[in-house]
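First the structure, in the form of structure tokens, and then the observations on it.
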Amino acid sequence: MTSARSPHSLPLNGMQKHRDITVSRIQSFLAGNHQFADVGLASALVESRYSDAVCLSVFAVPNVQRIPFSEAIKGKFSPVKVGHVLEPVWSTHWFNVKIKIPSALAGKEVDLVFDPGCEGLIWSTDGEPLMGITGANNGDRHVDFRLSSKASGKETLEFYIEVSCNGMFGAGAGGNGSIQPPEASRKYTLQTCELRANNKLAREVQRDLDVIFSIGQETPKDSQTSSDAIYAANAVVNAFRYDDLGTLEECKRITTEFLAARANTGYAQHVITAVGNCHIDTAWLWPYDETKRKCARSWATQCGLLEEYDEYTFAASQAQQFEWTEQLYPKLFERIKRHAKTGRFIPIGGTWVEMDCNIPSGEALCRQFLYGQRYFEKTFGERSKVFWLPDTFGYSCQLPQIIHDADMKYFFTQKLSWNNINKFPHTSFMWTGLDGTSVLTHFSPVDTYTSQATVRDVVFAVQNNKDKSYSNKSLLLYGNGDGGGGPLVAMLERLRRMSRVEGLPAVVKMDTPNAFYEDLEKTSKDLVTWKGELYLEFHRGTYTSHARVKQFNRSSELLLRKIEILSALCLASGAKDYKHPKEELDRLWKLCLLNQFHDVLPGSSIGMVYVDAIKFYEDIATRGAMLAEAALRKLIDVSGSGSNVSGTSSNGSVVFNPLSWTRPVQVIEIPLAISNAASFRQLSACGTKGLQLIGPVPGYALEKSLFDQSAQATALSVHMSDETVVVSNEHLVLTLNKCGRILSLLDRTANDREAIAPGFAGNIFRLYEDIPLFWDAWDVEVYHLEKGWDAGVGTLSLVENGPLRIVLEVKHPLTPTSTLTQKIILCTGSKRVEFENHVVWNENRRILKVEFPVNVDNDSATYETQFGFIRRPTHYNTSWDLARFEVCAHKWVDLSECGYGVALLNESKYGFAVHNNVISMSILRAPKAPDANCDIGEHNFSYALYPHKGSLTESDVVQAAYEFNVPLIAGIPAIPADFPPCQFFKVDTANLVLDTVKVAEDGDALVLRLYESCGGRGAAKLSIHPKLGIDSAHFCNVLEDVQSAADITGGVLTIPFTPFKIISIKVMLKARA
Ligand SMILES: [Zn+2]
């Protein structure tokens, strides 16, 4: 038992202590901002302050530019003082700081305290970032820079401080942490600039007392530990006298005795591994360019802490942030690399950015890992073993397979603790994906990645760990994020003390995430398995917000795919002088991957971010189109070079089918500019395009296709009556009312099967009030379904009337401020009804959906996900079913029953629901924060209704949705009349999709990526045309590491497959003369 001697002569402590009053008293004694701070412990922390010892001048960078150090120091600096106003928001102010340490401070520990009220970075005069600054009035404040731990009192020092006029969380109206749009009139003030001499002993007492008092509060009140801790803390209060700092010796003796008596001696019930981090959103409430500086500020600070605390470990993710730092802050980067070598600055995660995992395509997810892991390996000599994604809005069921295929074993997050309906039941578990691959997964039970490393967090981690029966290990991620600079000294000091005190429900140690997972893997037993997606029951609006970004994401992914296929074929065909545009492709892919960051693609960033994002997408579109065009020309040249060129023909076109199956006969549009009007059977209503019937075209075939003038557009007809319009072709009979609603859709090829639910109409636009509880751009809440109404009904007219295509136009006045113009299209030979839409959108907190009640019943609907599909319930039986009232899907959603089904295809939408028999697609939202103008303006998008025979897996919905998204490449005139056809790849199994054809990252090889799309198994044959000069083939992983040899005989690869397997094959090319 502690012998808490009083420093006084009289035995004052022989009285009963009232626990609650004592606790309040200690709280008051410790608080630095309390009304009694001047007589509490805080009064002892600073020995002296000097403001005259600092000479300040400033250079305000004009035009809100962010300039490099070398340029900044040439600026014109003028003298300033504390109180100087810093504006406008987002501007940069460089301070020159000259310091003369007064002789009175000889022998003292001296700090510079510089608080600009916003963010800053301290630089040495030779241009090395030294430490980040977070000016603030809360616990995130970090403004103390150590000048000397023992001053001589003669030093003269000089620094630069780059001050950025934004807070940790941008500049939202309402202050730090607000998600409102940035406030243009925001100003900051230089609040403090002075030297401080610290009382080290007082600080030690404060840090001890913080932990001891917290132990007293957080352990059970009736335990011996709690009673001892409160007693010791109270004894410190009794020992201290504010005007006799000699009493601190006794205070320190009391705290040391308490802690030493409990130094960790034996078996720990639970072990917590603490890892520092500073989660920096790559863009969010500030633009990308500010993130580059946030990285430098935070990581400079952390390097300082790594140098001071030998046991400290710090993890940082996102290869993109490292690449920025490498390019912009080379000196800091060298310092980071030095610490990375010791294993304490830990690059982690293995991806290019911490991406959204709902919306990116399967291939884009693979590229996140490919670019991330390659960067980490090249730069730090090591790949990451842990897929680190603490903060994304849901995790695709294909991730376990991709994680494993990217040479990783482990997965970390905590985001599902944000679920607002059901509590996720596991902490440490095996997460099993769509194909059966499992990864060891841990959700930090502290339920945050910005823990303050308090006693309370440690206690909560143990209480909240749901798998204690199977493992006694937890991970604690601590440190301020987003410009808070990561862990503060106070956190490290708390952890140090907690690492060697018994009485807490866990021991705490600092270690690496790898060590944590290896230990978890080794020591856990009977871990529970969770199969399928990790659906976040929150932020369901992010499948829809910022529609244009989502559309650009889809089109960029598909454009990059197209360029890669064409340039891979050029290279493998031996096209002379063709240089594979590797660097440019890498650049464009990186832009696409960057925009997939978990606040950009989801639509939850400020407006400024989207200015950059759209600029990047336009870059991809423009440059990408040029690269695709160049590769296509080259491919036609090399493919046609053996032919006997005898004149050209305009009555046809070279076509290329960039999909792996034969496309049926189809109507295509060709710009009139490249062919004459007379050669077309029908012109578009706008008069700029000609229509032709083309096909069928085999998969991955390049061939000349003659326009078939004689083919009859069988049965394409339109009949208009007073009440209805009936449009039909050989497959479908579509009946609409005069408002554009579908009354009936009969499938002629299935005994006139009705696709629309009798008594209901399809293609109905509905508006719902969309006011979430807080997270405006993020959340569409369950109750929105209680308050919806049909949008204004349309008026229909006929704008094209065959022979190849019928187009009806419907004008909908959605609301007094928004309109929708829709083209309903049926082509000859087509099995789908297409809808092309133009919306002028000017709403406030409303969501627009289109709905199709279909004549199909099933307890579950099927949604396309990355490289596969997922089934989800169509009912709200349980709270888990209800929670998925809005879900993410890619190119299609399907509701099928035995023998028949209906799919809804789209080219840019991601938010869907199938409830009972109603398929609904979310089109546009109108949130006002953090971007007040989100989605206001004009939008173009398409979807199609695709009824089909058979259940989903008996149908060709997967293929139909690809065809809707990936047009046949056509309209290439002036080709040799005897152009030889060439099918580069032929896959004999419909459910095995050859999705990606790319040039290998290293060397003259191609990488083919296929996936099994329907949940079946077998062995497929993939024939490769001899023109491609294939030498050998090996199975490889996403990182293109060669694994086993593939069976290739006579140019035919045999590919065994299992359900939803992603299969990558590296095909070596023969050396060409
Ligand atoms: Zn985040």
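Computed from a predicted structure; not experimentally measured. Just so you know, these numbers use all the heavy atoms, side chains as well, and skip hydrogens, waters and symmetry mates. Start at 1 and go down the list; that is how both ligands and their atoms are numbered.
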Cut-off under 2.8 Å, centre the Zn ion (ligand 1), protein N/O/S atoms
H279 NE2, D281 OD1, D391 OD2, H598 NE2
Are the charged groups of E290 and R293 less than 4.0 angstrom apart, N to O?
yes
Would you name the heavy atoms of L495 and A453 that are closest together and state the gap between them?
CG-CB, 3.8 Å
Indicate yes or no for a side-chain donor-acceptor contact from Y610 to the backbone of R548 under 3.5 Å, with no hydrogens or angles considered.
no
Side-chain donor or acceptor of Q368 paired with backbone N/O of L593 under 3.5 Å:
yes
Mind checking what makes ring pair (Phe, Tyr, Trp, His ring centres under 6.0 Å) contact with H890, not counting sequence neighbours?
Y910
Answer yes if the ring centres of H339 and F314 are under 6.0 angstrom apart, and no otherwise.
no
